[in-house]
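Single-structure report; data block below.
Naming convention: chains lettered A, B, ... in sequence-line order (proteins, then strands); numbering from 1 in each chain.
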Amino acid sequence: MLQLQFIRENRDEVIDRLAVKNFKAATLVDEIIELDNTRRSAQKELDDILAQSNQLAKEIGNYFKQGESEKAARAKSESIQLKAKAKELEPVLTETIELLNSKLIELPNLPHSSVPKGRTPEDNEIVHSEGTIPQLFDGAVPHWDLASTYQIVDFELGNKVTGAGFPFYRGKGARLQRALINFFLDEAIEAGYLEYQTPLLVNAASGHGTGQLPDKEGQMYFAPEDNLYLIPTAEVPLTNIYRDVILKDTDFPVKNVAYSNCFRREAGSYGKDVRGLNRLHQFDKVEIVQIQHPDKSYATLDEMKEHVAGLLRKLELPFRILRLCGGDMSFTSALTYDFEVFSAAQQRWLEVSSVSNFEDFQANRMKLRFKDKEGKTRLAHTLNGSALALPRIVAALLENNQTEDGIKIPEALQSYTGFKFID
RNA sequence: GGAGAGUUGGCAGAGUGGUCGAUUGCGGCGGUCUUGAAAACCGUUGACCCGCAAGGGUCCGGGGGUUCGAAUCCCUCAUUCUCCGCCA
């Protein structure tokens with residue numbers, strides 16, 4: 001969430017910048033400032049009452065010691081009255097704070113100044129394209145057909161055992177998954193990231209920390225018996241490691257990576273978007289997270305963007321990088337680059353990674369801070385990116401590398417798969 | 001799942017109703033001494049809210065209660081350890 005003080009001091013700027021995200025903030029911002037004013041005066045009033053009764057309590061102690069029981073009794077009754085007043089004020093203050101917080105988390109993050117205006121994916125800005133789109137032979141087919149021809153992904157079996165969007169990977173298909181996971185992890189470790197294996201279920205506090213709650217509640221699988229959420233991405237546990245943590249400024253940059261299963265309900269999806277591996281309820285992803293000093297977070301964003309580009313280059317996939325427009329960005333992001341690979345049989349671009357700088361938006365929710373050189377406590381910046389999500393990479397690899405005799409495995413992966421060909 | 005014992009500042013560890021936001025040690029930071037370092041000695045060292053400041057308030061696992069007053073008493077939840085049960 002945004003910092004209250006910043007909102008108070010930059011009301012007009014907040015409203016203008018949120019307009020880039022097509023968010024009409026004026027009413028909400030004014031409500032927030034008004035609520036904060038109420039909060040401040042209520043707090044002051046309560047603090048004064050408490051100060052008086054603290055003072056009285058000390059005096060009463062002294063009176064008792066000196067055996068002045070009459071004075072003590074008088075002070076006592078005075079104190080009881082103060083206490084009654086405090087009892088009235090307390091709920092007013094708590095309610096105000098709760099209301100203020102609930103309004104505050106409705107405000108999205110401010111977009112970076114380079115974010116283009118726009119409403120739909122068509123308004124995203126292509127900042128880079130690389131690789132050549134392969135010309136497939138006649139009779140080339142989409143990956144879902146390849147999956148059944150070579151018996152490497154079984155969607156029907158997934159339907160039977162679980163439901164749509166939960167495929168089985170089989171034989172060389174399963175091996176390919178494992179190869180990609182190891183390849184992505186090794187590349188990240190090589191780039192200085194520390195590997196984690198995280199829990200796949202998290203509590204509500206963690207969901208709030210990274211911003212999935214409350215706005216994306218319906219997107220997560222939930223286990224009500226235990227009040228736990230299945231993670232939609234390893235970003236959640238990996239970033240929440242630092243919830244309520246104060247780092248030293250020599251700790252930067254914190255670079256973490258985790259492979260995990262990801263679970264997404266994807267309510268309301270339909271049609272060609274969800275065919276085959278294009279969109280699943282359970283999928284595999286390697287996620288990179290960095291925590292950085294505010295002055296360096298944009299340089300870090302570029303570094304992470306280059307890391308992801310390097311992976312796609314090694315996999316020999318044609319890709320492009322988009323700078324998301326205000327309307328297509330997530331609630332929490334200040335600047336997001338999406339990576340898309342071209343899947344040659346479907347003839348469409350598939351999103352395989354999203355790399356974002358959240359600046360201090362998540363950090364503010366999580367109370368993730370650091371001590372700067374002057375010893376002041378400040379919010380850190382958080383960033384994350386997929387490096388990479390597997391299903392659409394697999395889709396593109398299968399489609400783009402198909403030949404009449406089988407599917408070629410890119411060279412960089414061969415030492416991981418142990419085979420060069422799926423046939 | 002059952003029984004018992006814990007949860008205090010970066011760490012260790014005192015404190016069982018009143019000048020306790022908290023003794024002390026270690027660690028950190030600053031200084032004296034030293035060519036430099038170590039040792040020794042001195043000082044300093046939590047977070048948050050309101051306030052220009054002075055100052056005030058909140059926080060001893062979380063929440064609630066008793067009391068004029070709670071780290072200290074009561075309830076509750078979480079969590080750790082030990083024993084038993086169950087299981088990988």
Side-chain angles (χ1 to χ4, degrees), chain A residues 1-9 32-105 197-209 213 223-229 237 240-252 254 291 360 362-380:
Chain A
M1 62 189 176
L2 299 177
Q3 290 183 264
L4 245 178
Q5 202 184 340
F6 184 86
I7 298 173
R8 293 183 72 99
E9 287 167 7
I32 287 170
I33 294 174
E34 194 47 48
L35 277 167
D36 190 45
N37 289 336
T38 310
R39 188 197 115 246
R40 285 179 191 217
S41 58
Q43 173 125 61
K44 182 86 181 77
E45 208 179 329
L46 181 62
D47 281 0
D48 287 345
I49 290 170
L50 289 176
Q52 285 180 53
S53 72
N54 284 346
Q55 184 56 37
L56 274 174
K58 273 182 196 165
E59 286 170 14
I60 292 167
N62 287 333
Y63 289 147
F64 275 128
K65 272 184 200 152
Q66 291 155 13
E68 306 194 68
S69 55
E70 235 173 84
K71 280 185 177 173
R74 223 175 308 134
K76 247 187 178 181
S77 72
E78 201 180 328
S79 178
I80 289 169
Q81 282 177 23
L82 282 174
K83 179 103 186 194
K85 254 203 251 174
K87 264 261 164 25
E88 280 173 37
L89 264 173
E90 260 168 27
V92 175
L93 182 61
T94 357
E95 276 168 36
T96 309
I97 290 172
E98 273 170 21
L99 190 58
L100 176 61
N101 282 336
S102 71
K103 296 277 180 196
L104 210 46
I105 59 172
Q197 278 202 17
T198 74
L200 300 180
L201 288 93
V202 293
N203 57 29
S206 294
H208 281 105
L213 291 175
E225 194 97 348
D226 299 290
N227 242 289
L228 295 172
Y229 295 84
N240 271 285
I241 294 171
Y242 301 93
R243 176 153 47 84
D244 290 318
V245 166
I246 300 179
L247 296 164
K248 295 193 281 267
D249 87 340
T250 49
D251 291 334
F252 293 132
V254 174
I291 300 174
D360 61 15
Q362 289 182 327
N364 193 209
R365 281 196 178 191
M366 268 191 291
K367 298 212 184 349
L368 160 48
R369 294 164 296 177
F370 70 101
K371 280 221 190 289
D372 68 13
K373 291 208 166 60
E374 286 78 47
K376 269 188 66 181
T377 310
R378 298 170 56 189
L379 293 171

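Looking at heavy-atom distances under 4.0 Å, A:Ala75 makes no contact with the nucleic acid at all.
Residues from residues 98-105 of chain A that place a heavy atom under 4.0 Å from any atom of RNA chain B: there are none. For RNA chain B, the neighbouring residues in residues 77-92 of chain A, judged by any heavy atom under 4.0 Å, are A:Ser79, A:Ile80, A:Lys83.
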Legend entry - Derivation of the side chain to side chain contact (heavy atoms under 4.5 Å, CB included) call for A:Leu104 and A:Leu2: CA-CA 7 Å; A:Leu104 210 46; A:Leu2 299 177; 5.6 Å; no

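Rounded to the nearest 0.5 Å, atoms CD (A:Glu98) and CG (A:Leu35) are 12.0 Å apart. Here the OG atom belonging to A:Ser53 is positioned 11.0 Å from the CG atom belonging to A:Asp48, to the nearest 0.5 angstrom.
Here A:Asn203 does not reach the OP1 or OP2 of B:A78: none of its side-chain N or O atoms lies under 4.0 Å away.
Taking the C1' atom of each, B:A22 and B:A71 are spaced 8 Å apart, rounded to whole Å. Remark: the separation of the C1' atoms in B:U24 and B:A88 is 46 Å, to the nearest Å. Rounded to whole Å, the C1' atom of B:C60 lies 16 Å from the corresponding atom of B:G10. With P as the reference atom, B:G62 and B:C68 are 25 Å apart, rounded to whole Å. Comparing B:A40 with B:U34, their C1' atoms sit 12 Å apart, to the nearest whole Å. When the C1' atom is compared between B:C11 and B:G64, the two are found 31 Å apart, to the nearest whole Å. With P as the reference atom, B:G28 and B:U79 are 35 Å apart, rounded to whole Å. Separating the P atom of B:C41 from that of B:G4 is a span of 48 Å, rounded to the nearest Å.
Mapping A:Ala51 and A:Lys44 onto RNA chain B by nearest heavy atom places A:Lys44 closer to the 5' end of the strand.
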Got a list of protein N/O to nucleotides 45-49 of chain B N/O distances below 3.5 Å?
{"from": "B:A47", "atom 1": "OP1", "to": "A:Lys371", "atom 2": "NZ", "distance (Å)": "2.3"}
{"from": "B:A47", "atom 1": "O3'", "to": "A:Arg369", "atom 2": "NH1", "distance (Å)": "3.4"}
{"from": "B:C48", "atom 1": "OP1", "to": "A:Arg369", "atom 2": "NH1", "distance (Å)": "3.0"}
{"from": "B:C49", "atom 1": "O3'", "to": "A:Arg39", "atom 2": "NH2", "distance (Å)": "2.9"}
{"from": "B:C49", "atom 1": "O2'", "to": "A:Arg39", "atom 2": "NH2", "distance (Å)": "3.3"}
{"from": "B:C49", "atom 1": "O2'", "to": "A:Gln43", "atom 2": "OE1", "distance (Å)": "2.6"}

Which atoms of nucleotides 17-23 of chain B (N or O only) lie under 3.5 Å from a protein N or O atom, and what are those distances?
{"from": "B:G18", "atom 1": "N2", "to": "A:Ala57", "atom 2": "O", "distance (Å)": "2.9"}

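In this structure, A:Lys371 has no salt bridge (charged side-chain N to carboxylate O under 4.0 Å, His left out) partners at least two apart in sequence or on a different chain. Residues passing the side chain to side chain contact (heavy atoms under 4.5 Å, CB included) test with A:Glu95 are A:Pro91, sequence neighbours excluded.
Set against B:C68, B:U58, B:G56, the side chain of A:Leu50 has B:U58 as its closest nucleotide.
Residues A:Asp47 and A:Lys44 are not paired through a salt bridge, judged by the lack of any N-O separation under 4.0 Å between the basic side chain and the carboxylate.
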